[in-house]
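Contents: one structure, followed by commentary.
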Amino acid sequence: MKEEIRNMLETQLPLVDFGSDFLFAELDSLGIAQILLSLSEKYNISLSAKDVTPKNFKNIDALVNMVESKR
């Protein structure tokens with residue numbers, strides 16, 4: 001799942017370094033919204049603004065954990 005998410009997001013947001021441990025700092029509100037929408041649609045889960053935390057957006061592993069916890 002990790003590589004699948006990384007590939008999808010790198011295609012949609014090519015200027016973002018998804019290898020970073022400071023992913024949250026690299027994203028603007030549009031990037032965050034794009035990630036929430038993409039993950040929600042891809043995995044048929046419900047994500048909202050409450051899920052946008054530095055912990056959930058720390059790095060790609062944190063995004064994977066967030067998706068897995070919502071499934």
Side-chain angles (χ1 to χ4, degrees):
M1 176 187 291
K2 179 179 177 177
E3 286 304 312
E4 183 178 62
I5 290 174
R6 178 190 290 271
N7 291 337
M8 176 181 67
L9 296 179
E10 283 179 340
T11 300
Q12 295 174 0
L13 301 166
L15 299 178
V16 175
D17 178 12
F18 286 97
S20 173
D21 273 337
F22 301 103
L23 180 60
F24 191 78
E26 294 200 26
L27 296 167
D28 59 13
S29 59
L30 186 59
I32 290 171
Q34 181 66 44
I35 290 171
L36 290 177
L37 180 64
S38 296
L39 294 176
S40 293
E41 289 177 351
K42 174 81 174 165
Y43 295 102
N44 197 29
I45 57 175
S46 179
L47 295 172
S48 69
K50 292 188 293 185
D51 296 307
V52 180
T53 64
K55 178 185 173 194
N56 286 340
F57 281 75
K58 179 180 180 192
N59 53 34
I60 198 76
D61 290 325
L63 291 174
V64 170
N65 290 337
M66 179 178 65
V67 169
E68 289 176 342
S69 74
K70 296 288 185 168
R71 291 177 90 188

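What's counted below: heavy atoms across the whole structure, side chains too, no hydrogens, waters or symmetry copies.
- Legend: residues meeting side chain to side chain donor-acceptor pair (under 3.5 Å) with K70, ordered by chain and number and at least two apart, are D51.
- D61 pairs by the side chain to side chain donor-acceptor pair (under 3.5 Å) definition with K2, not counting sequence neighbours.
- Legend: residues meeting side chain to side chain contact (heavy atoms under 4.5 Å, CB included) with E41, ordered by chain and number and at least two apart, are L37.
- Residue pairs meeting the salt bridge (Lys or Arg N to Asp or Glu O under 4.0 Å) criterion with at least one member in residues 7-26, sequence neighbours excluded: R6-E10.
- Note on residues 28-38: no pairs pass salt bridge (Lys or Arg N to Asp or Glu O under 4.0 Å), not counting sequence neighbours.
- The OG atom of S40 lies 13.5 Å from the NZ atom of K42; values are rounded to the nearest 0.5 Å.
- The hydrophobic cluster containing L27, built from Ile/Leu/Val/Met/Phe/Trp/Tyr side-chain heavy atoms closer than 4.5 Å, also comprises M1, I5, M8, L9, L13, V16, F18, L23, F24, I32, I35, L36, L39, Y43, I45, L47, V52, F57, I60, L63, V64, M66, V67.
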